[in-house]
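A, B, ... follow the sequence lines: proteins, then strands. Residue 1 opens every chain.
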Number of protein chains: 2
Amino acid sequence: MSRPQPLSGFPELLPRQRIVEQQVVDHLRRAFELHGFANVQTRAVEPMDQLLRKGETSKEVYVLRRLQADGDGDAGLGLHFDLTVPFARYVLEHAGKLNFPFRRYQIQPCWRGERPQEGRYREFWQADIDIVDQGELPAHYEVEVALVIADALRDLPLPKVRMHVNNRKLSQGFYQGLGIADTEEALRIIDKLDKIGPDAVAKLLIEDVNATPEQAASCLKLASISAADTSFVDEIRALGVSDPLLDEGLDELAAVVEAAATAAPGFVVADMKIARGLDYYTGTVYETIMEGFESLGSICSGGRYDKLASDGKNTYPGVGLSIGISRILVPLLQSGRLDATREVPTCVLVALANDEERPAATALAQRLRSRGIPVQVSPSAAKFGKQIKFADKRGIPFVLFTNEEGTQIKDIRSGDQVTIDVDTWQPPAGDLHPRIVAPE
Amino acid sequence: MSRPQPLSGFPELLPRQRIVEQQVVDHLRRAFELHGFANVQTRAVEPMDQLLRKGETSKEVYVLRRLQADGDGDAGLGLHFDLTVPFARYVLEHAGKLNFPFRRYQIQPCWRGERPQEGRYREFWQADIDIVDQGELPAHYEVEVALVIADALRDLPLPKVRMHVNNRKLSQGFYQGLGIADTEEALRIIDKLDKIGPDAVAKLLIEDVNATPEQAASCLKLASISAADTSFVDEIRALGVSDPLLDEGLDELAAVVEAAATAAPGFVVADMKIARGLDYYTGTVYETIMEGFESLGSICSGGRYDKLASDGKNTYPGVGLSIGISRILVPLLQSGRLDATREVPTCVLVALANDEERPAATALAQRLRSRGIPVQVSPSAAKFGKQIKFADKRGIPFVLFTNEEGTQIKDIRSGDQVTIDVDTWQPPAGDLHPRIVAPE
């Protein structure tokens, strides 16, 4: 076999890059669990009729076929393209065994057969949180999920991130108050603002939803409003539109912005041009931008949905956010902006003076492991310098060996060498495990 | 949408079952990292020509097709059916950026379109370790991987497990010494011993590899030998067959058994009837049986392979073992033999006296989280008894509330209630996180 070539759109990480990804995922998991979210893992496949419910994305589904298909029912399965559709199905399937409100996080790969480009892959990892309830979902969860994400992204060595928040009721109430009938289509047009600019948006509003030029101008004025505090409320009121749905939206958005300003200053900004393309959002909508990486698009998006999961008898409204792990990390890792202090978990290499020593070295290693120190034994009793080089190449900080003075440990970075007691020696906390570093 | 039905062969866990699985995976990961194994994650798909190299299993591959296929090269991808084939490809593809010997662990789902049955699923999780080198792989790694698995499975609340070990050189050397030419076919026949019995095996040996009845009897005698110590060496020598390959195999197998008897007494047994169906093994082969669950088959298998990864210029021999996470856990979880102490990570529920208190309760919760205690705030300011019931249903052990005496914490299991200082109170260590329990 000749050397295999990478598959476009299926990024794979080298061991030291994977250490960074693992630690980021560990950090997210810890944050979600501190907020009481339970983990769920769904199977990779869903029936095609589930996957095709969600509109546009479904075009890019990978369909499965057994190589030796015999028509036994495999047909009709596809790989999930997000974690929301599988979660909605999981909730319906297991509703009788779940306690509501149910809060879960889910960290899994998704697949889309789309053309690979910056920040978009055919296989990519997402980390989702959702809170679903049975019947009614209180609005305070729309505040809470934003705070959980603020907590989860805090203390990660990422460029500055900012969450842009709007509320569907606010926009649709505003359009309604203006007298525009097809408010959903108006939203879809406003969603194109960054792509096609204000003039083209105004034209579409006039042509497609029968807006007057004045109404179109008002819609654009609304979309231009943004604020890191609740001052947006007065600014919108000053546009002179009134509608009960608009009032609801203003209240809900103000609650999110106010809570976030206290709990995570600078993280959330109210931004009236955020619309989210997907039809199923009904309340707060969220997008998150990473400074200096605006071209990646949103790295954490979501919203409130009222009718995604319903079995005819019960409806399970929810609110959720999805962090694009691959979208964030693959560019940062490939450009070298994130790295790990070493490429192996190993903290100590036990050197060998001769091959007969291996069982004793293995026992020594095991004593260190029993106290949580990652250790491996040298592959061979090569010259000491060669064994040091083995550690150095991998970034293993310490080499342990035995000489006439007893058991010695050498910090191969400084060359410092001391006699130690194997059952009490502890590496510096920063050396025990690899760490993430963000070179300038 | 009506209530979705489960898909046969794609087991999904409820949140409390998933907590058990997560903790088992965490335990394995920790064990592998303590032995210096670095994590690798490969994409879910491989080119079909890679997947079809491995013979029998490839019949059951799931092939991918884009719903909107336009012949742009997606064709020819399938889901991996194990983690060995993707790892061999990963090693070849990234060889220039890896340091050898390279030790990695990998914990991912695999897919096989086979008929679901006890212990066999269409989607299943595996945890693999492998050590590969460039050119030559020292035999001591065949000892080491067995010890790593012994370490990894120790302290898990599983029924007793025992690893059965043989060596391909030993068996093939023995057949060679007997005068049987097609030793690989002889191995494949011996592999059927448990299924078809000794008489049928003898018949096949006579018919398919031209063995004499005496040779067939010797092969069966060899297969009947097993021992927890190196006494098998003399037993085999007593059969009067000699061959240099047999000698090598005896030495290597004795080394594994001897080291394991010291490091993990009772875990490894030499068992001459272990053959492993796969062609590519060339040295030690391993199978692992869980007591009382023999019908599941081997829950951890592997072996040494010398030629799985080769790019024409370099060969990367390796040795590895694969733990069947789903095969072990799904039956134990479904039968209730393993469970978690609660279904959420939450340790403390902050109760609400009224809805205006939510921001203060959220701030209180955050103070506990900052010290690593998982907390959630009550969904509503319902009657106190209803909030207690909310905690009780999920197994959350503590409820925090504020009354005229200050901040109180109630252990809802005992009913005990004490005044606490939020910034110093610590739950008992056993209550901080959910734990695995094994009900009798």
Just so I understand: if I count every heavy-atom pair under 4.5 Å between each of B:Ala259, B:Ala44, B:Pro138 and chain A, which residue has the most? B:Ala44
Which answer fits A:Pro109, side chain, backbone, both or neither, if we ask what part of it has an atom under 4.5 Å from a heavy atom of chain B? neither
Can you tell me how far the CG atom of A:Leu98 sits from the CD atom of B:Glu343, to the nearest 0.5 Å? 8.0 Å
Considering only heavy atoms, which portion of B:Leu368 lies under 4.5 Å from any heavy atom of chain A: side chain, backbone, both, or neither? neither
Region of A:Arg369 in contact with chain B, defined by heavy-atom distances below 4.5 Å: both
Interchain contact, A:Phe37 with chain B, by part (heavy-atom threshold 4.5 Å): backbone
Just so I understand: if I count every heavy-atom pair under 4.5 Å between each of B:Lys97, B:Gln5, B:Arg358 and chain A, which residue has the most? B:Arg358
Taking the side chain as every heavy atom from C-beta outward, state whether B:Leu64 and A:Val63 have any atom pair closer than 4.5 Å. no
Heavy-atom cut-off 4.5 Å, strictly under: side chain, backbone, both or neither for A:Ile373 against chain B? backbone
Taking atom CZ of A:Arg30 as the centre, does the number of heavy atoms from other residues, nucleotides or ligands within less than 6.0 Å exceed 12? no
Working to the nearest 0.5 angstrom, can you tell me the gap between B:Glu60 CD and A:Leu67 CG? 10.0 Å
The single option from A:Arg43, A:Gln41, A:Arg89 passing side-chain hydrogen bond (donor to acceptor under 3.5 Å, both in side chains) against B:Glu12: A:Arg89
Answer whether the closest heavy-atom distance between the side chains of B:Pro374 and A:Phe32 falls below 4.5 Å. no
Polar contact flag, side-chain donor to acceptor under 3.5 angstrom, B:Asn99-A:Arg394: no
Interface residue of largest heavy-atom contact number with chain A, from B:Thr346, B:Val40, B:Val375, B:Val143, under 4.5 Å: B:Val375
Engaged part of B:Pro6 at the chain A interface, taking heavy atoms whose separation is under 4.5 Å: both
At a 4.5 Å cut-off on heavy atoms, which part of A:Arg16 comes close to chain B: side chain, backbone, both, or neither? neither
Taking side chain as everything from C-beta outward and backbone as N, CA, C, O, which of these in A:Ile131 sits under 4.5 Å from a heavy atom of chain B? Side chain, backbone, both or neither. neither
Strictly by modelled atom types, are A:Gln366 and B:Asp151 linked by a side-chain donor-acceptor pair under 3.5 Å? yes
Residue part contacting chain A, namely of B:Pro379, when any heavy atom lies under 4.5 Å: both
Is it the backbone or the side chain of B:Phe124 that comes under 4.5 Å from a heavy atom of chain A, or both, or neither? neither
Proximal component of A:Asn314, with respect to chain B [non-hydrogen, under 4.5 Å]: neither
Gap between atom OH of A:Tyr62 and atom CZ of B:Arg66 - 0.5 Å precision: 6.5 Å
Under 4.5 Å heavy-atom distance to chain B, tell me which part of A:Glu123 shows up: side chain, backbone, both or neither. side chain
Between A:Val344, A:Asn39, A:Ile19, A:Ile396, which shows the greatest number of heavy-atom pairs under 4.5 Å with chain B? A:Asn39
Quick one: which of B:His94, B:Glu21, B:Gln22 has the most heavy-atom pairs under 4.5 Å with chain A, could you say? B:Gln22
Against chain A, label B:Ala31 side chain, backbone, both or neither, depending on which of its atoms sit under 4.5 Å from a heavy atom there. neither
For A:Tyr90 and B:Pro15 the tightest heavy-atom approach is OH-CD, 3.4 Å
Treating B:Arg3 as the side-chain partner and A:Glu93 as the backbone partner, does any N or O pair qualify as donor plus acceptor under 3.5 Å? yes
To the nearest 0.5 Å, what is the distance between CG on A:Leu34 and CD on B:Gln376? 12.0 Å
Side chain, backbone, both or neither: which part of B:Arg104 has a heavy atom under 4.5 Å from chain A? neither
Quick check on B:His433 against chain A: is it the side chain, the backbone, both or neither that has a heavy atom closer than 4.5 Å? neither
Measuring heavy-atom distances to chain B, does A:Ala363 have an atom under 4.5 Å in its side chain, in its backbone, in both, or in neither? neither
Examine whether an atom of B:Leu13 lies under 4.5 Å from a heavy atom of chain A, and if so say whether it belongs to the side chain, the backbone or both; otherwise answer neither. backbone
Heavy-atom pairs under 4.5 Å with chain A, option from B:Thr262, B:Asp49, B:Leu79 with the top count: B:Leu79
